[in-house]
Amino acid sequence: MCGIAGIVSHKNVNQELYDALTVLQHRGQDAAGIVTCEQGRFYLRKDNGLTRDVFSNEQMMKLRGNMGIAHVRYPTAGCSSSAEAQPFYVNSPYGLTLAHNGNLTNTEELKEQLFKDDQRHLNTNSDSEILLNIFAHALQQVGKLRIDADDVFQAVSAVHRRCRGAYAVVIMIAGFGVLAFRDPHGIRPVIFGERKTAEGSDFMVASENVALSVLGFNVIRDVEPGEAVFIEAAGKLHTKQCSYIVDHCPCIFEYVYFARPDSIIDGISVYKARLRMGEKLADKVLKEWPDHDIDVVIPIPDTSRTSALQMANRLGVKFREGFIKNRYIGRTFIMPGQQMRKKSVKQKLNAIDLEFEGKNVLLVDDSVVRGTTSEQIIQMARDAGAKKVYFASAAPPVRYPNVYGIDMPVVEELIAHNRTEEEVGHAIGADKMIFQDLEDLIEAVQKGNSKIKHFDTSCFNQQYITGDIDDAYLDCINSLRNDGAQAERNADNFIIDIQNTN
């Protein structure tokens, strides 16, 4: 999962793009990058690390210009090399730079086409670079010295015809403007807004509306699936639907885990959705375990707090904060490598013993993926004096990989794969395990916007909405995503792999 932003303004945008990345930092902690444009020239800074560490005052001063794009990254398909930090750049045609959230599912096919047919060179393993070159080739086919918005939209349509998978994209064309578009399923979020000033209107696009709100932009709306939004450097806005086939199917995991609770994605309040998740989970407990002996509900910070609070209210038991989180440790789920994840848990959380001593505790988390963190947290609760430790997940069991931009591991590393819910509870050391039912999760999210008829829930039920995922593809991503393969890639991340494609 990544975060993207783009601004066209009447003043320098470097500081506002930096501020946007700090708001979107939860979407990626591997790398950060900003590129601005002044008088047709790009100014770029990107590197591995958190936003605050990548940009110094001196570097910020060099990012000149009234329009720009920005990106925070965590790796899904490539490695955590700084060579794959975004935005990416190509000089032809016109000068293009791109930031991308999502994952293409036909990358091998596109790589071959780019080399043999389009005669374009790729320098990384990132599907984002592939996407940039697909767009660049389409725009080059226009064959004009000066392009207009219709030419840009024509190129986006070509991207939709060739690319499959999930993509929310922001592209800057040197001296011309900023473009944002979304795949025809709308799997990954992107939203745009306007800020009126004395000089005229400024425009901004971002992964989540909170980035707009912080900077004083009023939300216009979400970019529709298959739609493109283009903002000229002078501040003129254009929008167009660029796909003939549209099937809105946003990723439900955005509401479970990734998005900030104060975000509204596709008209659905993330906070309200998580409240409803807690209600549904409590109703399941009351139905299946009416004589429960839960003394206290304790959330595992931070994402599950909203669901846990509503769950406690519904059950009529105490809600307490039992873990204190170290704010300077990254999100465990998106750390590359199992060893680093294991090491980080005790650095990240510390138990308040008084809330556990002699009590039957229900711990609530947003989801259970590998189970490593859950197991360690349950043991922390026992060490703090809990009599019994029950565990509830606001999401159903994660049993299958996500192929649309979430780095969920290979099936062998998923704790719930080929296990019953009871077996998962036993594996992580819980006295009882309670998972959300998928139907209840969908209902909890869908209630916020009844116009959305279905969601991407593939990590729960293996139903991949793009229709192009088979066992061969899953075997391929298994070989790329397992912890051993990722560790090997990261060790070799300074090597440029030039493959013989003849």
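Heavy atoms only: backbone and side chains are in, while hydrogens, waters and symmetry mates are out.
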Does E112, at its CD atom, have more than 12 non-hydrogen atoms belonging to other residues, nucleotides or ligands within less than 6.0 Å?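 Incorrect, the count does not exceed 12.
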With a cut-off of 6.0 Å (strictly less than), are more than 12 heavy atoms of other residues, nucleotides or ligands near NZ of K144?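 Atom NZ in K144 is crowded, with more than 12 foreign heavy atoms closer than 6.0 Å.
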Sidechain-backbone polar pair: [X] side chain, [Y] backbone, donor-acceptor under 3.5 Å:
| X | Y | answer |
| --- | --- | --- |
| N449 | I268 | no |
| S213 | N209 | yes |
| S243 | V246 | no |
| Y473 | N106 | no |

Strictly by modelled atom types, are [X] and [Y] linked by a side-chain donor-acceptor pair under 3.5 Å?
| X | Y | value |
| --- | --- | --- |
| Y404 | T466 | yes |
| E16 | S9 | no |
| S56 | Q59 | yes |
| R276 | Q446 | no |
| E109 | Q113 | yes |
| H454 | D247 | yes |

Taking 4.0 angstrom as the limit, do [X] and [Y] come out as a salt bridge?
| X | Y | result |
| --- | --- | --- |
| K111 | E108 | yes |
| K11 | E199 | no |
| R27 | E254 | yes |
| D262 | R260 | yes |

Derivation and outcome, side chain to side chain contact (heavy atoms under 4.5 Å, CB included), residues K236 and I231: CA-CA 6 Å; K236 186 177 181 180; I231 307 136; over 6 Å; no
Matching residue for R164 among D468, D183, D127 - test: salt bridge (Lys or Arg N to Asp or Glu O under 4.0 Å):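 Only one of D468, D183, D127 forms a salt bridge (Lys or Arg N to Asp or Glu O under 4.0 Å) with R164, namely D468.
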Could you please spell out the steps behind the side chain to side chain contact (heavy atoms under 4.5 Å, CB included) verdict for K46 and V54? CA-CA 7 Å; K46 62 178 181 177; V54 170; 5.6 Å; no
Do [X] and [Y] make a side-chain contact, defined as non-hydrogen atoms from C-beta onward lying under 4.5 Å apart?
| X | Y | result |
| --- | --- | --- |
| V398 | F460 | yes |
| Q140 | S92 | yes |
| F253 | C459 | yes |
| E194 | D202 | no |
| L349 | I324 | no |
| L44 | P87 | yes |
| S458 | Q463 | no |
| T36 | L17 | yes |

Looking only at heavy atoms, what is the nearest atom pair of [X] and [Y], with distance?
| X | Y | value |
| --- | --- | --- |
| L441 | P396 | CD2-CD, 3.4 Å |
| V256 | T303 | O-CG2, 3.5 Å |
| G28 | V72 | O-CB, 3.6 Å |
| S307 | M277 | OG-CB, 3.8 Å |
| H10 | S201 | CE1-O, 3.2 Å |
| F455 | I252 | CB-CB, 4.0 Å |

Considering the options R221, R182, K240, which one meets the side chain to side chain donor-acceptor pair (under 3.5 Å) requirement together with E227?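 Running side chain to side chain donor-acceptor pair (under 3.5 Å) over R221, R182, K240 with E227 returns exactly one hit, R221.
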Mind checking the [atom1]-[atom2] spacing from [X] to [Y]? Nearest 0.5 Å is all I need.
| X | Y | atom1 | atom2 | value |
| --- | --- | --- | --- | --- |
| I69 | H100 | CD1 | NE2 | 12.5 Å |
| M60 | I34 | CE | CD1 | 5.0 Å |
| D266 | C249 | CG | SG | 10.5 Å |
| S207 | L24 | OG | CG | 5.5 Å |
| L110 | R162 | CG | CZ | 6.5 Å |
| F203 | L237 | CZ | CG | 4.5 Å |

Criterion side chain to side chain contact (heavy atoms under 4.5 Å, CB included) on D222 and F192, from CA distance to verdict: CA-CA 6 Å; D222 295 276; F192 67 106; over 6 Å; no
Would you confirm whether the ring centroid of F42 sits within less than 6.0 angstrom of the ring centroid of Y89?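 They qualify: ring centres under 6.0 Å apart.
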Can you name the residues that form a side chain to side chain donor-acceptor pair (under 3.5 Å) with E129, not counting sequence neighbours?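 Listed in chain order: T124.
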Show the numbers, then the answer: is there a salt bridge (Lys or Arg N to Asp or Glu O under 4.0 Å) between R146 and D148? CA-CA 7 Å; R146 294 294 299 172; D148 57 27; over 6 Å; no
Run the numbers on D19 and L215 for side chain to side chain contact (heavy atoms under 4.5 Å, CB included), then give the verdict. CA-CA 8 Å; D19 293 341; L215 296 175; 3.9 Å; yes
Go through the steps for Q86 and S128 under the test side-chain hydrogen bond (donor to acceptor under 3.5 Å, both in side chains), then give the verdict. CA-CA 8 Å; Q86 296 185 39; S128 303; 2.8 Å; yes
Taking side chain to side chain contact (heavy atoms under 4.5 Å, CB included) as the criterion, tell me which of H185, R188, H160 meets it with Y167.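 In the set H185, R188, H160, the residue that makes a side chain to side chain contact (heavy atoms under 4.5 Å, CB included) with Y167 is H160.
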Using the ring-ring contact (aromatic ring centres under 6.0 Å, His included) rule, collect all pairs that involve residues 220-252, keeping only residues at least two apart or in two chains.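 Every ring-ring contact (aromatic ring centres under 6.0 Å, His included) pair that includes a residue of residues 220-252, provided the two are not neighbours, is F176-F230.
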